[in-house]
Asks: 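This is the structure, below, for whatever I ask next.
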Amino acid sequence: MTSTTQYIGKPFKNVDAEDKLTGATKYITDMRFDNMAWAYPIFSTVPFGAVRQIDLKAARSVPGYIDVILAERIPGENQVGVIVEDQPLLAGKTVRFIGDVIGIAVAETAAAAHRIAKLVEITYTEYEPYFSIAESESATSQFIHETNIACSHRILKGDPAAAFRKSDLIVEAEFSTGSQEHFYLEPQGCVAFPEKDGQIVVMGSLQCPYYVQKAVARALGRPLDGVRVIQAPTGGAFGGKEDVPSELGARVALAASLINRPVKMIYKRSDDIQITSKRHAFSMRYKVGVMRDGTLQAAEITLQSNAGAYATLSSVVSYRSTMQSMGPYVVPNIRVNSTAYYTNLPPAGAFRGFGSPQVAFGHERMMDLIADRLDMDPVRLRLKNVLKVDAKTITGQQLSASVGAEETIRQACRISSWETNQATGSTDGRYRYGQGIAASIYGNCLGAAGWHMDGAGVNISIQRDGTVKVAFGLAEMGQGALTVVAQMTAEALGIDHRRVVVLLTDTNSVPDSGPSVASRNVVMTGNAIRDAASKLLPILKAAAAELLGCGADDVTIGSDLATDSKTGTEVGFAELADYLYRGNQPTEMRGWWHVPQLDFDPDTGQGEAYFTYSYATHVARVQVDTLTGQVQVRGVWAAHDAGTVINPAGLEGQVEGGVAQATGWALTENILVDRGQIITSNLSTYLLPTALDAPPVETVAVEDPDPRGPWGAKGVGEPAFIPAAPAIANAISNALGVEVYELPLTPPKVLQLLEEQEPTAGMP
Amino acid sequence: MIYLDTPEYFDLEVTVNGQRHKHRVPTHLRLLDFLRDTLDLTGAKETCGEGECGACTVFLDGQTVNSCLVLAVETHGSEIITIEGLSQGGTLSDLQQAFIDEHGVQCGYCTPGIVLSATQLLREEKHPTRERIRFELAGNICRCTGYQKIFSAVANAACKHREV
């Protein structure tokens, strides 16, 4: 693939790096507007209760006070739920977590808005709150919503009961994984300003502009046409700016429309952590039946997740975790039940991997437990069961192409020298060493659960001077979207990449392209670019034919030139662009791509869950300090099948960043909550991996092109995260000779494991 | 910024990126807010506000500090260099160029602080080992890159043997 392309597959420098390096990039926190006021959320200080009284006397005395906005002043609908309509924009009567926003303080300065928010006195009638899945599940009255169940999903394939009876060995285990804070370095923030024509404009740090547009229109009771959302340069998101900016955007838009001034709201870090969504904590029960030769026969899996106070994206997180619950393996007979429970904690929402990392911990710990019980090499067990072309997934989907799972296992073993470096339980004084492997699967784009919104577009416009403007509907948030869009546009039009300018995302420029999530930018936008190029290239060729005096069929376009292939005469792209204008030819085209129709039955969980899958295998090596319980990840070797790689430098950046984030989730990022109040509310207590903690990573791409991906590409942003934590956990287990059943493995937990010391398999 | 009902004020004189400034500032104003809000130098970012992340790093009299932990009044008579002052005249330093070449920038929010911390390191040690680079950047949190390409950028700049 790379040999015939000019840009695809070649390392490409980030187009927005220079401004970020000089401080010139203006994030939403850096932008000022004339006559701008500041807003701050007034939020519940109790986890569950009814608002009895709101006293504004003290708040109104703050110099710079402008307004306090409560629910009754919302002109439209008081609803901001993304999928399930369970979340008010401003809580009126019932509050469901510490952080549930009741009102908006508006003032002349940020400090005054914070002060007002603090001084609003709210009295509550408190209810008995539910914090754990078990508490939520056992409730019989006073539910958080109509019920405490947020959603459920299932798979039933074959005859699991009969298959268990035929199995030589049945292994059972229970696992749990903790929540995780995104800790995007730029906190949540939005600005809204009313325009003279009545339109309201929202700019913000966000990854789903069309979600924000819908939320604002709904709250203000306006048509979509009356709301424009512009994405500001975004300082990290990782899923944390999928659902939450709809709340901020609608709240600042409400304030801006009521006081008729620009209004800005930036969350303070500790409040950002308390109020906004995080990764779902999971409890999982796995029972797997296997033959003596290692062939998986049957599985029964129960997944329970803690959804927090509102559903936000729980239903699609639960869907994804269900569909991927046995990883990249063939299991002919399987039953999966997944349930998300409401609790009085901050809502759990989207976070890189979206339910996949949790089940990857489950299935990859199971594979090691089974290998141990069969006395079989864990790599051989994985290879024996791995999905291949023509195999069927646990949803009964027959895979037709681009199934690089097996090759990722082989390549991860090769680059890590897995076999020759057996470090099992080796000891050096107080340190023990181990290695672990984990494989994973990731369904690309939104899948059957989100197919109705899985289309995306671009608008490519050739300027008279030969520069090319590209508007796209998905968002740059640090992952390199602008860069790959520039690269793919230059490739598709056969032009010099320096001609291409990619615009920041604006709902006025491109139709609703859905959310910038699910690792879908390369696939969606790349295919949309190819669609637009397929409309522009014939126009360019016809114009070139006129200029060159040849037939359009003889014209080839590439390397910034149109060439008459018979005579070799050429015309440059800039001249061609000008000629289009002089000849009154079209110079602008829309491109659109929608994921192919998926045939899926939600009652049985059988069918095409996603249109294609990415695969990855990671090997991790760890050093465990038996004195302190501290784990140092000494290296991760990562093999990824993301189809054709568009930008190898970007892919490596995604993998290294994903591995670092997963290292934090596996070892140190531990959210501690005291009756609904998060006490690890900033960096001194919530421990992110530093430069000393993030492991060196060696990445290899297994390029198994997908015929439906642009140039054969698939997504990699989330797959980068998914296998790393289970690989680390398996390495710790290998180092200590003790089974592990939970994450994070903080130093105290590792010391606990050392005390157990006796290797056990099966139920903990 | 902290809210006070009756703040006290101080006449601050300070040189920032070679330019002298005189401003009457509240005595509780943080250096970070002075730079961002008063001077509109927004390259220094607030991420944690408690001196853990390094996103607000600036040079104060030749040493890197977390500007969220310094009061503006403490810098009276001092010289401050921010990220905006590092590439004056529009030419990137070797180190900044190395971040582009080595793909060391993703979302960019930590980038100004990391560039300044790494600049400090390369002033102290022309050819730091990768271990030293890791150690010296441990006070700057990055959530996107996993740090590896940042280390490579610093090592790459050090190879150029030139003043950064």
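Since we're looking at a predicted model, the values are computed, not measured. Computed from heavy atoms alone, side chains included, the values below leave out hydrogens, waters and symmetry copies. Reminder, nothing fancy here: chain letters follow the sequence lines and each chain counts from 1.
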Asks: In terms of heavy-atom proximity below 4.5 Å to chain B, should A:T234 be classed as side chain, backbone, both, or neither?
Replies: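 Backbone only.
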Asks: Against chain A, label B:L86 side chain, backbone, both or neither, depending on which of its atoms sit under 4.5 Å from a heavy atom there.
Replies: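 For B:L86, no heavy atom lies under 4.5 Å from chain A.
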Asks: Distance check, rounded to the nearest 0.5 Å: B:E13 atom CD versus B:T75 atom OG1?
Replies: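 Separation between the atoms: 11.0 Å.
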Asks: With a 4.5 Å cut-off on heavy-atom pairs, point out which of A:T690, A:D19, A:L21 contacts chain B the most.
Replies: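 Among the listed options, the one with the most contacts to chain B is A:L21.
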Asks: Report which part of B:Y147 has an atom under 4.5 Å of a heavy atom belonging to chain A: side chain, backbone, both, or neither.
Replies: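 Just its side chain gets close to chain A.
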Asks: Can you tell me which portion of A:P233 sits under 4.5 Å from chain B's heavy atoms? Options are side chain, backbone, both or neither.
Replies: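 Neither part.
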Asks: Chain A heavy atoms under 4.5 Å from B:A55: which part of the residue, side chain, backbone, both or neither?
Replies: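 No part of it gets close to chain A.
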Asks: Can you tell whether the side chains of B:R24 and B:D11 come within less than 4.0 Å, N to carboxylate O?
Replies: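 Salt bridge between B:R24 and B:D11, a charged N being under 4.0 Å from a carboxylate O: yes.
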Asks: Among A:G658, A:G650, A:G664, who wins on heavy-atom pairs under 4.5 Å with chain B?
Replies: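 Heavy-atom pair counts peak at A:G650.
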Asks: For chain A, find which of B:D101, B:I150, B:T82 contributes the most heavy-atom pairs closer than 4.5 angstrom.
Replies: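 Winner by heavy-atom pair count: B:D101.
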Asks: So which residue, B:C48, B:A138, B:G51, B:C107, ends up with the most heavy-atom pairs under 4.5 Å with chain A?
Replies: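 Of the options given, most contacts go to B:C107.
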Asks: What part of A:K268 gets closer than 4.5 Å to chain B, counting heavy atoms only: side chain, backbone, both or neither?
Replies: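 Looking at A:K268, nothing touches chain B.
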Asks: Kindly say whether the aromatic ring centers of A:F238 and A:H182 come within a distance under 6.0 Å.
Replies: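 Between A:H182 and A:F238, which both carry aromatic rings, the centre distance is not below 6.0 Å.
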Asks: Would you call B:D33 and B:R30 a salt bridge, taking side-chain N to carboxylate O under 4.0 Å as the test?
Replies: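 So B:D33 pairs with B:R30 through a salt bridge.
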Asks: Output the distance between atom CG (A:L688) and atom OG1 (A:T668), rounded to the nearest 0.5 Å.
Replies: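 Separation between the atoms: 7.0 Å.
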Asks: State the CG-CD distance between A:L667 and A:Q632, to the nearest 0.5 angstrom.
Replies: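 So the CG of A:L667 and the CD of A:Q632 are separated by 9.5 Å.
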Asks: Most heavy-atom pairs under 4.5 angstrom with chain B, which of A:P187, A:S684, A:G236?
Replies: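 Among A:P187, A:S684, A:G236, the one with the most close pairs to chain B is A:S684.
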Asks: Using a cut-off of under 4.5 Å on heavy-atom pairs, state which of A:A660, A:G235, A:P11 scores highest against chain B.
Replies: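 Sorted descending by pairs with chain B, the first entry is A:G235.
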Asks: Identify whether NZ of Lys or CZ of Arg in A:K241 sits under 6.0 Å from the centre of the six-membered ring of A:Y184 and within 45° of that ring's axis.
Replies: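 Judged by the rule, A:K241 and A:Y184 form a cation-pi pair.
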Asks: Quick one: which of B:L92, B:N140, B:L4, B:I114 has the most heavy-atom pairs under 4.5 Å with chain A, could you say?
Replies: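 Result: the option with the highest number of such pairs is B:L92.
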Asks: Quick check for you: among A:E652, A:K118, A:Q479, A:E476, which has the greatest number of heavy-atom pairs under 4.5 Å with chain B?
Replies: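 Looking at each of A:E652, A:K118, A:Q479, A:E476 in turn, A:E652 comes out on top.
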Asks: With a 4.5 angstrom heavy-atom cut-off, which part of B:S87 approaches chain A: side chain, backbone, both or neither?
Replies: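 The answer is the side chain of B:S87.
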Asks: Is the Lys NZ or Arg CZ of B:R130 less than 6.0 Å from the centre of B:F135's six-membered ring, within 45° of the axis?
Replies: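 No, B:R130 does not sit over the ring of B:F135.
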Asks: On a heavy-atom basis, which atom in A:L185 and which in B:C142 lie closest, and how many Å separate them?
Replies: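 For A:L185 and B:C142, the tightest heavy-atom pair comes out as CD1-CA, 4.4 Å.
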Asks: For each of A:P63, A:A691, A:A649, tally heavy-atom pairs with chain B at distances under 4.5 Å, and name the one with the top tally.
Replies: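 So the answer, after comparing A:P63, A:A691, A:A649, is A:A691.
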Asks: So for A:T25, is it side chain, backbone, both, or neither that comes closer than 4.5 Å to the heavy atoms of chain B?
Replies: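 For A:T25, the contact with chain B is made by the backbone alone.
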Asks: Does any heavy atom of chain A fall under 4.5 Å from the side chain of B:K45, the backbone, both, or neither of them?
Replies: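 When you check distances to chain A, only side chain atoms of B:K45 fall under 4.5 Å.
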Asks: Using the six-membered ring wherever Trp is involved, compare the ring planes of A:Y686 and A:F183 and label them parallel, tilted or perpendicular (cut-offs 30° and 60°).
Replies: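 The rings of A:Y686 and A:F183 lie parallel, inter-plane angle below 30°.
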Asks: Please rank B:T47, B:L41, B:V115, B:V105 by heavy-atom pairs under 4.5 Å with chain A and give me the top one.
Replies: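 Of B:T47, B:L41, B:V115, B:V105, B:T47 has the most heavy-atom pairs under 4.5 Å with chain A.
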Asks: For the residue pair A:R279 and A:F721, would you count it as a cation-pi contact if the rule is NZ or CZ under 6.0 angstrom from the ring centre and within 45 degrees of the ring axis?
Replies: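 Positive - A:R279 is close enough to the ring of A:F721 and near enough to its axis.
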Asks: Could B:K149 and B:E102 be called an ion pair, given the rule that one side-chain N must be under 4.0 Å from one carboxylate O?
Replies: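 Here B:K149 does not pair with B:E102 in a salt bridge, since their nearest N and O are not under 4.0 Å apart.
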